[in-house]
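Presented below is the structure to which this report refers.
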Amino acid sequence: MNPPLHYRIECANPGAHLFRVTLTIKTPDPSGCRLSLPAWIPGSYMIREFARHLVRVEGRSGRRPVPLEKIDKHTWVAAPCSGPLTVEYEVYAWDLSVRAAHLDETHGFFNGTSVFLRVTGQEDLQHTVDIVRPAGKAYANWQVATSLARASTTPSDEFGRYLAATYDELIDHPVEMGTFSLVRFSACGVPHAIAITGQHDCDMARLASDLKRVCEAQIRFFHGKRASRRDTPFDRYLFLVLAVGDGYGGLEHRASTALICSRNDLPHAGLKGTTEGYRTFLGLCSHEYFHAWNVKRIRPAIFTPYDLNQENYTRLLWAFEGVTSYYDDLMLLRAGLITLQEYLDTLAVTIRSVQRGAGRTKQSVAESSFDAWIKYYRQDENAPNAIVSYYTKGALVALCLDLLLRQETRGRISLDDLMRALWETYGARDEGVPEDGVEQTARSLCGPALRRKLMAFFRDAVYGTRELPLRSLLKRAGYLLQVTSGANPSLGARTAATAEGVKLTHVLDGGGAQAAGLSSGDVIVAMAGVKVSDKSMGQQLARLRLGATVKIHAFRRDELICRDVRLGAAEVEVKIRPAEKIATR
């Protein structure tokens with residue numbers, strides 16, 4: 001029996017980075033079939049125009065050509081035809097990220113949003129896809145890693161037919177093919193796997209053991225200490241990891257995540273404890289895994305369903321990315337993979353990141369969420385002065401909310417209870433969270449007095465730009481927050497070394513560089529009459545006193561400029577000192 005919508009994807013030319021996709025539509029719309037490619041991928045809130053990578057699109061019905069008219073940037077309409085419609089196209093795949101598609105002689109990777117045309121009006125029908133092994137002996141050992149459901153005739157990790165109940169499901173399971181390393185483990189009875197592509201020396205058994213602890217901590221967080229396979233929202237889970245020389249990023253999906261990391265951040269055989277890089281990687285894995293609940297199932301109402309043609313605006317990304325960023329490292333602590341001091345040091349880095357940007361005084365996390373499409377994902381040289389991250393400040397909002405709930409209820413209620421309530425109210429019922437849903441759910445857990453405090457907290461912390469009450473809340477919890485200026489005087493700018501000199505990448509509000517008229521892009525070539533490099537400029541600044549004025553020579557484009565810069569305090573440093581053990585229930 002022919003499926004209603006069937007795709008065939010093959011590596012047409014790995015050297016040219018081309019996938020060939022053949023889509024067969026059993027019953028096309030008699031008035032003309034409408035086809036489109038998503039403009040963005042859920043989890044990455046920027047219009048990416050994936051259709052720009054389609055090299056050609058051709059239609060036919062049997063042996064007869066069917067004209068395709070392109071009507072906008074990512075939509076085609078096929079002329080009416082009798083019988084099944086076949087559409088063949090090629091996709092250029094050379095984006096080495098977690099968001100799109102990549103193909104060469106070493107591996108292939110794709111997200112469905114980059115390669116699978118959507119058939120308007122048939123999104124809720126079953127979709128099948130044949131993933132075809134590349135031709136030639138060089139590809140004889142290639143395997144497939146994906147969380148897509150296999151057809152009964154497709155063995156595990158092999159090329160063949162895969163199934164999806166809807167188009168949204170089809171595009172929510174990325175696919176990796178190649179000669180990756182693979183290890184499996186079980187967490188609360190749920191099968192998990194890790195596939196690592198790229199050269200690496202990872203201790204796969206160590207990584208599986210550590211991730212098992214993280215996954216079990218999160219499953220039990222949402223579903224209780226006796227959670228089993230029947231409780232989780234997925235029946236299997238896959239970590240797809242691309243190991244490179246220098247990289248970092250992740251993207252969540254309903255039963256998997258695509259990750260990119262430095263190969264040196266992976267644990268090697270004989271590693272004692274955890275390195276900073278490995279802790280960062282575990283935190284990334286923890287973050288994306290938590291998203292399987294928080295944003296994939298507990299999600300904004302505007303995402304139910306996603307409109308993949310245009311921006312989907314919400315003021316709640318702070319609750320989905322920020323809260324997840326709060327829990328990612330906290331779960332490592334709860335799983336026993338990092339020490340309390342390592343957790344506090346990581347938390348201090350987050351606080352420092354927020355405190356170092358004047359944007360926190362100008363943009364709320366609710367506004368940051370809403371403007372993610374045009375600001376957070378399109379940052380420029382003025383970003384530190386104009387925007388705040390709904391990831392980092394959102395994590396601190398979550399910390400404050402957690403401490404406030406714990407302290408005002410003597411430990412009876414915490415952010416954990418709020419997250420579980422959101423799961424039961426929205427996630428488990430497959431209902432979207434309204435724009436005030438997080439606040440209203442929090443208030444529903446509390447008595448009248450705390451409800452009033454929560455109203456003020458959300459007004460100031462989420463919708464306002466007042467400084468968060470971190471110091472007082474941490475002090476009540478038994479921790480001292482220390483915020484100090486750096487040891488050396490500063491120009492009030494961030495820099496990057498270049499062959500020509502020291503380039504100003506960001507000129508910060510209130511700093512000496514801005515006051516003197518220096519701008520982002522200026523290249524400093526001399527300070528106090530002496531040629532500088534990135535290293536020597538730091539050494540010279542260390543010898544000067546706060547408030548001193550120094551003469552700067554710089555090139556703006558090809559013109560030499562001279563400015564007198566008054567040195568200010570360096571960007572803040574943050575430390576958290578425990579006075580007693582943190583509650584990690």
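For clarity, every value in this text was computed on a predicted model and none was experimentally measured.
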query = Can you list every ring-ring contact (aromatic ring centres under 6.0 Å, His included) pair that touches residues 128-147, not counting sequence neighbours?
reply = Tyr139-Trp142
Just checking, is any N or O donor in the side chain of [X] or [Y] under 3.5 Å from an acceptor N or O on the other one?
X      : Y      : answer
Arg213 : Ser209 : no
Arg299 : Thr304 : yes
His6   : Thr128 : yes
Asn111 : Thr113 : no
Asn294 : Thr324 : yes
Asp328 : His287 : yes
Glu435 : Thr314 : yes

Determine whether the aromatic ring centres of [X] and [Y] lie less than 6.0 Å apart.
X      : Y      : value
His192 : Phe185 : yes
His223 : Trp423 : yes
Tyr391 : Phe320 : no

What pairs with [X] under ring-ring contact (aromatic ring centres under 6.0 Å, His included), at least two apart in sequence or on another chain?
X      : value
Phe50  : none
Tyr248 : none
Phe290 : Phe221, Phe222, Tyr327

Who pairs with [X] by salt bridge (charged side-chain N to carboxylate O under 4.0 Å, His left out), at least two apart in sequence or on another chain?
X      : result
Glu158 : Arg133
Asp235 : none
Arg229 : none

ask   = Between Arg8 and Asp130, is a salt bridge (charged side-chain N to carboxylate O under 4.0 Å, His left out) present by the stated rule, with each step listed?
value = CA-CA 5 Å; Arg8 173 186 172 92; Asp130 286 341; 5.2 Å; no
query = Should Val354 and Leu396 count as side-chain neighbours, where that means a heavy-atom distance under 4.5 Å?
reply = yes
message = Side chains of Pro300 and Ile302, heavy atoms from C-beta outward: is any pair under 4.5 Å?
response = yes
ask   = Rounded to the nearest 0.5 Å, how far does OH of Tyr237 lie from CD1 of Ile194?
value = 11.0 Å
task = Any chance you could measure Glu10, atom CD, to Leu18, atom CG, to the nearest 0.5 Å?
result = 11.5 Å
ask   = Does anything in residues 163-177 pair up under side chain to side chain donor-acceptor pair (under 3.5 Å), and if so which pairs, sequence neighbours excluded?
value = His107-Glu176, Ser147-His173, Asp172-His253, Asp172-Arg254, Asp172-Lys296, Glu176-Thr197
key: Inter- and intrachain pairs under side chain to side chain donor-acceptor pair (under 3.5 Å), touching residues 83-92, at least two apart   = Arg56-Glu88
side-chain contact (heavy atoms from CB on, under 4.5 Å) between Ile9 and Val132, intermediate numbers included = CA-CA 6 Å; Ile9 184 165; Val132 181; over 6 Å; no
key: Counterpart residues, side-chain hydrogen bond (donor to acceptor under 3.5 Å, both in side chains), relative to Arg20 (two or more places apart)   = none
message = Once salt bridge (charged side-chain N to carboxylate O under 4.0 Å, His left out) is applied, what residue pairs with a partner in residues 181-209 remain, sequence neighbours excluded?
response = Asp157-Arg184, Arg206-Asp210
ask   = Which pairs, with at least one residue in residues 110-128 and sequence neighbours excluded, count as a salt bridge (charged side-chain N to carboxylate O under 4.0 Å, His left out)?
value = none
task = Let me see the working for Arg279 and Thr275 under side chain to side chain donor-acceptor pair (under 3.5 Å), right down to the final yes or no.
result = CA-CA 6 Å; Arg279 290 195 297 272; Thr275 63; over 6 Å; no
note = Which of Phe303, Tyr376, Tyr306 passes ring-ring contact (aromatic ring centres under 6.0 Å, His included) with Tyr45? It is Phe303
